[in-house]
Each structure stands twice: as structure tokens, then as C-alpha cells.
Protein chains: 2
Amino acid sequence: MDTGDVPSEVLPGRATLVSVAEAAGVSRQTVSNALRAPGKVAPDTLERVLAAVEELGYRPSLAARQLRTRRSRTLGLRLEHWGGGISGSVLDRFLHALVDEAQDREHRVVLFTADDDAGEVAGYDELLTTAQVDGFVLTSTHAGDGRTAWLAGRGVPFATFGRPWPDDDAPAGPAEAAHCWVDVDGAAGTRAATEHLLATGHRAPAFLGWPAGSGTGEDRRRGWAEALDAAGVPARERRELAVPESTAAAASAVAAALEAPGAPSAVVCASDTLALGARGAAARHRAALEVVGFDDTPVAAAIGMSSVAQPLAEAAHLVVDLLVAQVETGGAGPPQTCQHLLAPRLVVRSSPA
Amino acid sequence: MDTGDVPSEVLPGRATLVSVAEAAGVSRQTVSNALRAPGKVAPDTLERVLAAVEELGYRPSLAARQLRTRRSRTLGLRLEHWGGGISGSVLDRFLHALVDEAQDREHRVVLFTADDDAGEVAGYDELLTTAQVDGFVLTSTHAGDGRTAWLAGRGVPFATFGRPWPDDDAPAGPAEAAHCWVDVDGAAGTRAATEHLLATGHRAPAFLGWPAGSGTGEDRRRGWAEALDAAGVPARERRELAVPESTAAAASAVAAALEAPGAPSAVVCASDTLALGARGAAARHRAALEVVGFDDTPVAAAIGMSSVAQPLAEAAHLVVDLLVAQVETGGAGPPQTCQHLLAPRLVVRSSPA
DNA sequence: ACCACTGGTTTGAACGATCAAACCGAGGCC
DNA sequence: GGCCTCGGTTTGATCGTTCAAACCAGTGGT
């Protein structure tokens, strides 16, 4: 009690810049500087201020900061309804990794839902104008994606998990396709799976994928075909099945293939959902069929099935990196390397029985 | 252009209360009233103001509002890592419904991650002091849950998806257990499943659950036992298996049961993950085993398996309701009915082959 | 005439942070 | 001495909203 200055009531409200300031005997701005630009404040003052911060347990109010700086340190994400299939856990795990990464960079993730792309754009607008969200993460990119154009059109930072797939109709101007994205090299994954099967004695692994039209599906099919090309497997020995993303559909297609002459001894699948069906069909036919799935879902681990694992944590890390970089440069041109194609990893498991 | 009043620059910044006010020729507070308390403003003024709001596309800044009102209209949720099993999609679907409901009530959902309960509490603290989150949604309640005590201790609104399970050690003071929760009546679900199997000619459906100790598991087991009690099935005919949440573990346990004398013709499972294993074992044994799962995951639908569906949308609706009610009464006592036990629904499917 | 009251509106202040400019003592230089 | 620079600090203004009080004309009671 050297000065007659008694610290003001601290019981009801949270510690604020001013309360810390008067506790340390400095002005509010000095406290701010001590935290955000420690170099600008004298060493002994700094020490005193930090002690007061610690003492009072001061934490800055994000609302106040946001009001002044017009930054929210918040990223928006549409939470989509991954209806059928078991591969939903991919986006689920991606989300987890994303929140983790954002947290490390002192950012928050807010979710919203929408029924379609138009609703999603409405959601962007809403969050931008009311909550001043700094940027968005987009998933499930597809051909003719109107969302990226809308965002790019008004200079909103965003990054997609999934590369932009070529639009058949509009021949994609060079500027449009130049946004930031992170994706996993599906072809590399199926190529590795196929090479593994070839190396373990299977003459001509079949491919079980989706009907044409999906960029992701085409990508994964390509890896299989390339591996067979490299191994010199003639076209007439190649078996290729295309079914919708459904275990039942996969099972019946594979059952038919097993009954036909020249039945495959192994099959590379575009998803664990399909792979699950393939294994079911094989079990019912008591056929020895080696199955490799895609996405390495918990189900694959549970039933001891080989599968291609996507580096989701790494992808999330990069997405957040790209996004934060854009926000910080303030729309002054995207960073140099703005597109990342990550290599997946084949997880080999010995299928029991 | 009747008055010489030219509207100020609107190009760079967003519309604000003041800009709308001067466009409508009133004061900022009148605009605020027009939107938040339309009864307090004269009809013709109201019309003029609303027109200006529409015209300029005004949307209130949440940061500014939050700064003044100390409400963020935001709910926090720890996103947990539902490692193994396929039943993660339950929390996934719950999350989707939750965001949907929150959106309807003009609330946002922010996520965070934590490694354990202690970290989760730290996350609460962080969000409370910096982001002024209004309340929290808790999932995966368990015995001896320290999180609820912490939150209740400082009067933070929260609601749990999952009832509070009795703590063996501490005999749960009456005040502690009195928080808001929503849960699904697991016993009712397994009871319905068992009754269905009994009605379709199965003498004594077995139960495949988890090792003792889990409140949820015990709950689901009870429904099965009650149904057998009601049907007068003697104890010696009852088969009960307990394995960890893993398809493989379930498969081997069921395989053993099928080989033993008095093998069951049907089995009620505590999760789809377990059910998946049971079906796999039955298929390998070429045994006719009727399996009912729990959670009605997409996998169950995909392979045509009966399962008990939880009313997740309804649960999410109630959770948001309870939470918003608490926030609005400002901690002045929780609402009257603060606990809800919802009835699940049995989805019967004809398993193909 | 005076006062109380009412519906509708405006004005002032505050929330808590940051940016920008002002300030101030200590040197250094001419 | 006068003037400029410089590190360190303070003061003023601002972001956009809401609360609280003030204001103001009109009405009715006494």
C-alpha cells in the first residue's frame, strides 16, 4: 500500500485490460503492447505487467478485439450429411483434425448446415456479415462447383479439401481454378494397393468402383489401371465393376463376378463401403478373395481388412495453414504454393479366416 | 432526392445501425427498437425503418452485440475422438442435428478438442472467458463425471446428451445430479428388439453386450432381461455374451456360442459394431442367426440388418431447448422439466441371405 | 395554471480491445 | 541554446451495439 490507490472491485466481472493496467500501475495500451508486441516495452515494465496478467488471470475478450480489428479468428465449415456408406468417418476424422489444427493456431471452428450448395452460399453470407468469419473450409468439391466462384468473387479467403474437378460445361477459366486446395492422391493409393496385390501373387486384381462421373472415382480407378499397365496385364484379363456407394450393390456385383469364368483372386475397391460388400460376397461363396478398401475406416481395422489410409491430419494442417496465410496477407494474393496433393498410405492387414 | 441529404458512402463497409438510421431519418436507437421491440415504435416509422434495413441489407454485428450484452448466442461442444467401432456415426448424426437446431434458434456451435476430461474443462474455461460462450453440450457422460460438477459449480448453463450415471465412489449428492440432460431409453430399445424376436418365433434370444461397468451397456442389457422375464424364459436358457466394442471380438464370441450346445437362433446386440461381428460369425458358420443391432448406423441399412434407431434429431432439439431456456433465465433456476428420456424405435429389416 | 403521465423518440455512456497520434525525458548534433 | 531523434509511455478516438436516462409534445385531472 504505497500509493493510496486501492485496486477496484474485481469480484464480479472478468479481468480486463484496464484492470490489469491499474494493477500493474501502467496504462491499458502498455498492457496491450506487453502481450502483443513485447519488444516495445521496457524489460522491467514487461515483467510487472506479465505478473499482473498472470495474477488476475487476464484473457482478452475476443468480441472486443473482433470489433476493433475486424478479424474473428474463426473459420466456418458446412457440416454435411454424409448419408449412406461407412466412409462418413473420413470427414468426421478430418473435422476432428481440423479443429485440432485450428486450435493450435488460436482459431475456432463454427459449423453450419445447409440443404444444398445455394443454402451453403447463403450460410457463408450470413456468417460473413454477422459473425465476420475470417474464412471457410469446403469439403466435397465437385464438378461445376458454384461455391468457390462465389467466395473468390468477393475475395473471401477459403480452402477446399478436395481438388477442383473439371467442369464439363464451362471450360474453367484459368483464374477460377486457381484457388487453394489440399487433396489426397487417390490414384497413388489404388496404384500402391494394386502393386501390393501383384507382388503377393495375384495375377490381375479387379477394380470395384463407382459409376463414371465422379472425379474422385475416376482418380482412384486410374491408379489401378496404371499399375496394371506397368505390370503388362493385358486388357482381356482386367475385371472392372462399377456400382453405387452401397455395400449391398457391391456384394451382388462381386457375387456375379465370382460365379463368372475367370473370377478374380483379388479386388481393389474405391471405398471401404464397397470393400465390405465384396468381402461379404466372398464369404458367402467361400471364395478366397483378397480385398483392399479405401479410407481405412474403423470398420476396416475391425475386420482386419487392408485399406488405403488418407493422411487426414496432415491435410487438415495444410488447409488451416493455407487459410490463415490468406487471412493474414489480407487477400493480397494467395501464397506461392497453394495446392497440395498428398500421398496416401497403404495399410496391409492379414484378413483372418 | 427531396432532402439534400445524400446517403453516406456505403461501398466499403457493411451497413450499420447508424447508416440505416440516417437512411431512414431516425436515430440509431429507433432502428434498434424497430428490430428488437417493434411494439415500441410508431407504425409509419417502423415501416420506413424496415424498408431501409431491407434496402441496405443490414445485419447486426454479433461482436458488437456480444460486447454489450455479454451473450454470444454460441454453444460450445467438445468434439471427441470416437476411435474404434462404427457407431461413431451416432454422435456424428447428433452433431448434425444439433447444429441444425441451434441454427433455427439463431445460435452457433463452436467446436473444440481435448485429450481428456481435464482438458475439456480447460476448454470450457478458455471459451467462457475469451469467447463468452453461453453454454455447453456434453456427450458421453460416464460415472464420476467431473465436468458437470465444474460447470454447475460456476453456474454455467449446460445440458448433457446422456443421463448422469451413478458414481460408485461418491454417493452423488442430490443437488449434483439435478442438471439438465436428454437421453435415449436404451432398455426400451433392447426390450422392443427382444419382444420382436420372441414374437417371430425365437425361443430365447441371446444378448451380446459389453463388459460390466458401462452405464449405457447395463441399461441395454436390462431391457433384454426384462423382456425375457416377461416372457417367462427360464434363466438356464439365457445366453449372454460380453465383449469389448470390437467386431472381431464379437465374431469370435458368437462363433464359440454357435458351436456350443443350445446355440441361440437370435441375438440382441448393444451396438451395430457388435452386431456386425455376430453376422460375420453366423455367415462363416452357415448358421441361421437373426441379429438385431443398436444405433441403426448406415452399415445396418446397407447390409439389411434390423437395428434400434435413436431419435437423434429430437434429442438435439431438446438439448438446444434446455440450453437456451437456461441461458435466457440467466441461471435463475433450471426449467421445470429438465430431464428427458426418449423412446427409441426398432427398425425391422429382412436380412438378405 | 400546475402537475403527473404516456407514447415515441433522442442522447449519453458503456462494453473491451486496438490504432494513431501526442507526449516526455534523455541524448546527440550543430 | 535550439532542434531533432528516439525509446517508452500515455491519451484520444473508434469499432457497432444496447441500456438507461433524458427529452418532448400531448392529454387529462385538480
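Computed from a predicted model, the values in this text were never measured in an experiment.
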Would you please confirm or rule out a distance under 4.0 Å between OP1 or OP2 of [N] and any side-chain N or O of [X]?
X	N	answer
Thr69(A)	dA17(C)	no
Thr16(A)	dG16(C)	no
Thr45(A)	dT9(D)	yes
Arg28(B)	dT18(D)	no
Arg70(A)	dG16(D)	yes
Ser61(B)	dG16(D)	no

What is the distance, to the nearest angstrom, from the [atom1] atom on [X] to the [atom2] atom on [N]?
X	N	atom1	atom2	result
Leu35(A)	dT18(C)	CG	C1'	13 Å
Arg68(A)	dC15(C)	CZ	P	17 Å
Lys40(A)	dA20(C)	NZ	C1'	10 Å
Leu67(B)	dA17(C)	CG	P	9 Å
Leu17(B)	dG12(C)	CG	C1'	16 Å
Gln132(A)	dG16(D)	CD	P	8 Å
Gln29(A)	dC24(C)	CD	P	17 Å
Arg14(A)	dA17(C)	CZ	C1'	15 Å

Exercise. Does a side-chain N-to-carboxylate-O contact under 4.0 Å join Asp321(A) and Arg105(A)?
Worked result: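 Salt bridge flag = yes for Arg105(A) with Asp321(A).
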Exercise. Do the charged groups of Glu22(A) and Arg28(A) touch, with an N to O distance under 4.0 Å?
Worked result: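 Judged by the 4.0 Å cut-off on N to carboxylate O distance, Glu22(A) and Arg28(A) do not form a salt bridge.
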As a test of reading the structure: which of [options] is closest to the side chain of [X], going by heavy atoms?
X	options	value
Val26(A)	dT9(C), dA20(D), dT10(D)	dT10(D)
Asn33(B)	dT9(C), dA13(C), dA20(D)	dT9(C)
Ala64(B)	dT18(D), dG16(D), dA17(C)	dG16(D)
Ala42(B)	dT11(C), dG8(C), dT9(D)	dG8(C)

Exercise. Got a donor-acceptor pair under 3.5 Å from the side chain of Gln66(B) to the base of dC15(C)?
Worked result: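 Answer is no: no donor-acceptor pair is held.
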Exercise. Angle class for the Tyr124(B)/Phe136(B) ring planes (parallel below 30°, perpendicular above 60°, tilted otherwise)?
Worked result: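 Because their plane-to-plane angle lies in the 30° to 60° range, the rings of Tyr124(B) and Phe136(B) count as tilted.
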Exercise. Can any side-chain N or O of Gln339(A) pair as donor or acceptor with the backbone N or O of His179(A) at less than 3.5 Å?
Worked result: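 Flag set: sc Gln339(A) to bb His179(A) pair under 3.5 Å.
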Exercise. Mapping Leu46(B) and Val18(A) to their closest nucleotides on DNA chain C, which lands nearer the 5' end?
Worked result: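 The 5'-side residue here is Leu46(B).
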Exercise. Roughly how far, to the nearest 0.5 Å, is the CG atom of Asp117(A) from the OG atom of Ser140(A)?
Worked result: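 Interatomic distance, Ser140(A) OG to Asp117(A) CG, rounded to 0.5 Å: 9.5 Å.
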